[in-house]
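In what follows, every chain begins at residue 1, and chains take the letters A, B, ... in the order their sequences are listed. All values derive from a computational prediction rather than experimental measurement. Just so it is clear, the values below take in all heavy atoms, side chains as well, and ignore hydrogens, waters and symmetry mates.
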Amino acid sequence: MMIGQRSSTAWIVMKHLVISGIAFVMLYPVLWMFGSSFKPGHLIFSEIWFWPSEWNWGNYRSGWEGIQGNPFARFLLNSIVLSLGAVLGNVISCSMAAYAFARLDFRFKAFGFALMLMTIMLPHHVTLIPQYILFNHLEWINTYLPLIVPKWLATDAFFIFLMVQFFRGLPKELDEAATIDGCGPVRIYLRIIVPLAFPALVTTMIFTFLWTWDDFFSQLIYLSDVSKYTVPLGLRLFLDSSSQSDWGPMFAMSVLSLIPCFIIFIVCQKYFVEGIATSGLKG
Amino acid sequence: MMQGTMKKWGVLLTLTLLLFTTACGGGTSNTASSGSGNSEADASGKIELRMTWWGSQTRHDLTTKVIKLFEEKHPNITIKPEYSGWDGYMDKLTTQVAGSNAPDLLQMDYAFLSDFARRGALLDLTPYTQSSELDISKHDKSMIDAGSIDGKLYAITLGVNAPGVIYDATLLQQLGIEAPQESWTWKDFSEMSAKIAAAKGQGFYGSADISGMTNMFEVFLRQSGIGLFENGKLAATNEQLQQWFDMWAALRANGGVTPAEVTASTTNAIETRPISLGTAAMDFAWSNQLLTFQQVNKNQDHKLAIQVIPHGVNETKSGEYLKPGQFMSGYSKTKHPKEVAMFIDFMVNDPEATAILGSERGVPVNSSVREQMQSKLPDSEKAIFQFIDVVAKHSSPINPPYPQGYSEVDTSFKTASEQIAFGQGSPADVIQQFIDNANAALASGQ
Amino acid sequence: MKMITTTISRTRTGQKAARTVKRRYAHNRIALLFLAPWLVGLVLLTLGPMLTSLYISFTNYTILNPPVWVGLQNYITMFTGDPLFIKSLKVTFTYVGVSVPVKLIFALLVAMLLNRGIRGLGIYRTIYYIPTLLGGSVAIAMLWRKMLGGDGLLNGLLAMIGIKAPDWVANPNYALYSIVLLSVWQFGSSMIIFLAGLKQIPPEYDEAAAVDGAGAVRRFFHITLPILSPVIFFNLVMQLITSFQSFTQAFIISNGSGGPVNSTLMYSLYLYKKGFAFFQMGYASAMAWVLVILIGLFTLLVFRSSKLWVHYEDGGK
């Protein structure tokens, strides 16, 4: 392997070639989306190469106007509110549950843990209808509640599992020392675990944000008013597979709606690495 | 303490299950349904209806305009629009029906009509046609029949469609090939496809291979006097399926239609069709799609036209038929059935409303509206109206709505056509397998 | 990472201890406080619908009508009278069997490339994460056709060197692999976790081994891999669970059909079609529970096997 090999110039050039080659393949979709967002609809499909033959801002203009007095900015705003609500909920509720599973001794712990894992394994398509009926009885349909409240109740077990992993990586001596100092579990969680595992929480934030931002199906099912629509629903409003689709504006707004994700990722990305490296996986 | 808590959870859990069973109890109790949008008429007599449809931006614009107009004329009624594209529309509607929370007015697709009507999700509109709310006296009889199931009217046609062959008239002219005539046959179609392919060379095809489109196979079947289904069973015989697939196989072999891979990479989205990409000269589609085909075509200077589906060589009757593009239906649990009927009536009969809607969903179902409209049509839409007129003269009535289980049959028909095109298994086996699958699906759908 | 093994061993010792020492569960009350949101969510939002779906799996439920009890019929049909179910199992196993190892190995290799002595690490990391950012966007389906289709970018390149290649997306022999490729392409999350793991290996280890004359390959297998094994384990478990449930990619690429010729009919996709397109929610629910058992078994297998190949720096205690 290449690790530790003497760094000849040729090797460095090679390495950069390989890495940037892969990077181009990775970047191509965004280039393509970007290029397509300037093309008239009928060329998006028939042209192979991403570079537009002419730069045309019309797609951005008509996309931004949105639909029926609902400017695209509204969909963006709705998505931001929804995603932030979900992020906050997930971080708080999942970290609490994870703390219990990682650090506390209680009855039915193993059973609870297994049950939690099982909830990840069941495909959500079959629980959708019972859940809808439940939310309908609570009169939550056509509000953001069915999309946010579950996050506050730690139903995204994936993140509990993830954070359990992080928390167990923190040295137990810290807890013990704190206990001797008279701290109870609540203070240990707030004063030690949360600050030390902060990067883990950031990871959860980013994943939750992106996944909520992308989630088409459940937002479609629960939201009905167009004024409450979010980015994935707004984007699909440009498309109708049974008749006519406005692909140009759809691509323009897709590019635009990637920006918040980019910002979040770039601001937080260093925590991805530092986070897991400093606290998570150490034995 | 732990034990006590567990018991409480147990109680809550049972409650959830109960909720589900009562909600699924269906039609029996209207009181149980507490649809969040179905607000009762309050003291001032205000009524709120919810309405859902799928479509493109154009349709959203036109339909909301009509809603505004209706609200102006009926100040006590407001209509909340809920619209989206086709993807996911049926999933959402199905879920809403399961939750007893569907919108009062819903746009319906022909393929799902019997599923929804037979299972009690749709409002029987018959009483309102007898009173004055919903006037269907000027509607085509075949469209009324198409929206009726077991003698009850469940759906009003919003636009009349007919299947046809869309072709690139400019290209045919350039190649010196005579455009398809109204009397053309499958044999003519095959020859023309091969000729086009030969003239244009590698990578260009006469037509898209649509051997997997159940609707078009149905037209083929109708030409020999039967429908796709009869008494809830598949009516197509082994020989007919064989004939159909053989014809397309021959066309694939001589390059007349797209090869298996190209066909498989094509979806129903008009932008992905070979004719739109400039790699074929013909495609099979519905008449109201002609405009979109024209708009998305790669060669914007080419003019597209539409002709009837080729005739059978010795056909017993014309396979062409008029088909409802989309329906408007009411929800069976609506609290304001009368107002639902009024709005549907407004959409299809009111001169102003129909003028706004135009032919975006297909040619209007009301004959006097149609006549009025015809005079001031742009050329592009005139072609569609003329085509519907042609079909109306020479068509046979539409078959009864598809039985339950149709969507599964449709899926396996497409799979069968792909299997044959890719040469997976002998055609005879594939066909037999399809027949078995289809009948099994239809049996379990009942 | 060690927690999984420890959880298992803890449970065992825990059970033994419980019999003798009752004070073992020191945090019953306070744990309840921390678990309260999760428990409420579990019981009210998750468990109810889950058990309902279990009940539905024993019924004939058309969604529009109330469910009708049919006992084990759905489960029996699945294994005796539904070739498409078997087909979807095969497709899913192929997908999991190929995509999980390929994705993990690719993610690991890129992580190693990026790990040392690269300028602009942050930029590359972001770029490599972009496909993951795009997620299940509708644009992906089109993009994939543009790149791997019959006259796509890849075949254009191949044609330049005289190779005539098939349509990778629309040919039933390759379509599934184009979806595997899509999932591998979205390797960002696994890569980042690997990067984190690699960061932990003290450079001295490698240097010492290099001085001792160990070759690069030897060092990889004897130093990098063992230290990284807990990370590999975590990624493996999560990838297994998500790959068995994989839905979105096949759905968007095949336009919801699972075609051509059902070659991309993933288990979850078939389940969805059964439930929502064919109105057989009872059958779909039964399929879902069979999948739970399947994933559960595989996850258990991985958990059990971890003792043999997952090494913890502290000896696994």
TODO: Could you go through the side chain to side chain contact (heavy atoms under 4.5 Å, CB included) check for Val126(A) and Ile56(C) one step at a time?
DONE: CA-CA 9 Å; Val126(A) 296; Ile56(C) 291 175; over 6 Å; no
- [ ] Sort Thr299(C) into side chain, backbone, both or neither according to what part of it lies under 4.5 angstrom from a heavy atom of chain A.
- [x] side chain
- [ ] Apply side chain to side chain contact (heavy atoms under 4.5 Å, CB included) to His16(A) and Tyr124(C), showing your working.
- [x] CA-CA 10 Å; His16(A) 271 280; Tyr124(C) 281 126; 3.5 Å; yes
Identify which part of [X] has an atom lying under 4.5 Å from any heavy atom of chain C, answering side chain, backbone, both or neither.
| X | result |
| --- | --- |
| Ser95(A) | neither |
| Met250(A) | side chain |
| Met33(A) | side chain |
| Leu128(A) | side chain |
| Trp247(A) | side chain |
| Trp152(A) | backbone |
| Phe50(A) | neither |
| Ile92(A) | neither |
| Leu258(A) | side chain |
| Thr119(A) | both |
| Leu210(A) | side chain |
| Phe251(A) | side chain |

Nearest 0.5 Å, please: how far is [atom2] in [Y] from [atom1] in [X]?
| X | Y | atom1 | atom2 | value |
| --- | --- | --- | --- | --- |
| Met121(A) | Gln245(C) | CE | CD | 9.0 Å |
| Leu122(A) | Met50(C) | CG | CE | 5.0 Å |
| Leu45(C) | Leu138(A) | CG | CG | 8.0 Å |
| Leu143(C) | Leu31(A) | CG | CG | 10.5 Å |

For each of [options], tally heavy-atom pairs with chain C at distances under 4.5 Å, and name the one with the top tally.
| options | value |
| --- | --- |
| Ala100(A), Pro123(A), Gly184(A) | Pro123(A) |
| Asp215(A), Leu235(A), Ile120(A), Val18(A) | Ile120(A) |
| Ala97(A), Pro232(A), Ala114(A) | Ala97(A) |
| Cys94(A), Ser20(A), Ser254(A) | Ser20(A) |
| Phe216(A), Tyr189(A), Phe24(A) | Tyr189(A) |

Among the listed options [options], the residue most often paired with chain A at heavy-atom distances under 4.5 Å:
| options | value |
| --- | --- |
| Ile127(C), Val110(C), Thr242(C) | Ile127(C) |
| Asp151(C), Ile123(C), Leu291(C) | Asp151(C) |
| Ile241(C), Leu134(C), Asn255(C), Leu271(C) | Leu134(C) |

Residue pair [X] / [Y]: nearest heavy atoms and the distance that separates them:
| X | Y | answer |
| --- | --- | --- |
| Ile19(A) | Tyr128(C) | O-OH, 2.5 Å |
| Trp32(A) | Met142(C) | CH2-CB, 3.7 Å |
| His125(A) | Phe276(C) | O-CE1, 3.8 Å |
| Asp214(A) | Leu133(C) | OD2-O, 3.7 Å |
| Pro131(C) | Met26(A) | CG-SD, 3.4 Å |
| Trp185(C) | Val25(A) | NE1-O, 3.5 Å |

Open item on the list: Between Gln131(A) and Gly48(C) (side chain of the first, backbone of the second, donor and acceptor by atom type, cut-off under 3.5 Å), is there such a pair?
Closed with: no
Open item on the list: For the aromatic rings, using the six-membered ring if either is Trp, is the centroid distance between Phe101(A) and Trp38(C) under 6.0 Å?
Closed with: yes
